Amino acid sequence: MPVLRWDLPLWPDLWFEALEVPDGFALNCRLTRRAGVFPPRLDMVEDLRPWSCVYEEVERRFGPMEHVDGMSAVWTSAFTAPDSAGRPGRYAAAFTWGLLQSVWVNDRA
């Protein structure tokens, strides 16, 4: 499947990316980190600030991510991450087009 990417003047470190399936339909449209740009350092849940990272970076550092809710442009995923004291906890994060929007304690885990 071809991957289509567009530059974003508002976020020069990111691309808008879509996978093109047969018949020209777009699948899995999202924001991704540009090649050669270093992601933010993610050591603990407090490092997850809105608009600072994309889904793949959170998953790579704290995965596996578990889909909780949503589809298309907005979704929520749950994961385990350490806090600033090093204690692991369960959290949920909301993403829009793959860009982190918010993080909270997942008390349903």
Side-chain angles (χ1 to χ4, degrees):
M1 283 185 275
V3 177
L4 307 171
R5 293 185 179 107
W6 293 268
D7 293 328
L8 300 168
L10 182 59
W11 291 293
D13 291 350
L14 302 176
W15 278 318
F16 185 76
E17 178 179 280
L19 299 178
E20 183 183 16
V21 296
D23 297 326
F25 289 101
L27 176 69
N28 200 19
C29 299
R30 62 190 176 179
L31 295 166
T32 60
R33 186 75 53 193
R34 288 178 70 95
V37 175
F38 291 104
R41 186 172 174 160
L42 302 175
D43 294 323
M44 55 192 150
V45 73
E46 289 86 355
D47 294 331
L48 297 173
R49 291 181 300 280
W51 296 17
S52 68
C53 51
V54 296
Y55 182 87
E56 290 78 11
E57 294 162 349
V58 178
E59 183 175 48
R60 191 175 310 118
R61 176 57 182 95
F62 301 118
M65 302 283 278
E66 301 163 27
H67 179 76
V68 176
D69 189 25
M71 48 192 290
S72 186
V74 181
W75 68 87
T76 302
S77 293
F79 59 99
T80 300
D83 63 15
S84 59
R87 296 179 302 252
R90 290 293 292 166
Y91 299 92
F95 297 87
T96 300
W97 296 110
L99 187 63
L100 180 67
Q101 301 298 305
S102 61
V103 177
W104 62 93
V105 172
N106 185 3
D107 54 7
R108 291 187 280 167

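What you are looking at is a predicted structure, and each value in this text was computed from that prediction instead of being measured.
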Main-chain N/O of Phe25 paired with Asp23 side-chain donor or acceptor, under 3.5 Å: no
Begin with the C-alpha distance, continue with both residues' side-chain angles, and end with the deciding distance and a verdict on side-chain contact (heavy atoms from CB on, under 4.5 Å) for Leu100 and Val54. CA-CA 6 Å; Leu100 180 67; Val54 296; over 6 Å; no
Is it the case that the side chain of Glu66 and the backbone of Pro64 share a donor-acceptor pair, with hydrogens and angles ignored and the cut-off at 3.5 Å? no
Gap separating the CZ atom of Arg34 from the CG atom of Asp13, nearest 0.5 angstrom: 8.0 Å
Do the numbers put Arg30 on top of the ring of Trp97, so that NZ or CZ is under 6.0 Å from the six-membered ring centre and no more than 45° off the axis? no
Using the rule that Ile, Leu, Val, Met, Phe, Trp and Tyr join whenever any side-chain heavy atoms are under 4.5 Å apart, tell me whether Val58 and Trp75 fall into a single cluster. yes
Please report the interatomic distance OG(Ser77) to CG(Asp69), rounded to the nearest 0.5 Å. 10.0 Å
Determine, for Arg33 against Glu56, whether the closest basic-nitrogen to carboxylate-oxygen distance falls under 4.0 angstrom. no
Provide the closest heavy-atom pair for Leu99 versus Gln101 in the form atom of the first, atom of the second, distance. O-NE2, 3.0 Å
Presence of salt bridge, Arg41 and Glu57, under 4.0 angstrom: no
Where do Phe62 and Pro82 come nearest, in terms of heavy atoms and distance? CE2-CD, 3.8 Å
Passes side-chain contact (heavy atoms from CB on, under 4.5 Å), Leu4 versus Glu20? Steps please. CA-CA 7 Å; Leu4 307 171; Glu20 183 183 16; 4.0 Å; yes
At what distance, to the nearest 0.5 angstrom, does OH of Tyr91 lie from CG of Asn106? 10.5 Å
Please report the C-alpha distance between Trp6 and Glu17 in whole Å, then the side-chain angles of each, then the deciding distance to 0.1 Å, and finally whether the side-chain hydrogen bond (donor to acceptor under 3.5 Å, both in side chains) criterion is met. CA-CA 7 Å; Trp6 293 268; Glu17 178 179 280; over 6 Å; no
Within the side chain of Glu46, is there an N or O that forms a donor-acceptor pair under 3.5 Å with the backbone of Ser84? yes
Taking all non-hydrogen atoms of both residues, which atom of Thr76 and which atom of Ala92 are closest, and how far apart? CG2-CB, 4.1 Å
Starting from Phe95, can I reach Val74 by hopping between I/L/V/M/F/W/Y residues whose side chains sit under 4.5 Å apart? no
Does the pair Leu48 and Phe79 meet the rule for a side-chain contact (heavy atoms from CB on, under 4.5 Å), with working shown? CA-CA 12 Å; Leu48 297 173; Phe79 59 99; 3.7 Å; yes
Could you pull out the closest heavy-atom pair between Leu8 and Phe16, with the gap in Å? CD1-N, 3.7 Å
Any Lys/Arg nitrogen of Arg61 or Asp47 sitting under 4.0 Å from an Asp/Glu carboxylate oxygen of the other? no
Check Cys53 against Pro40 and note the closest heavy-atom contact, atom names and distance. CB-CG, 3.9 Å
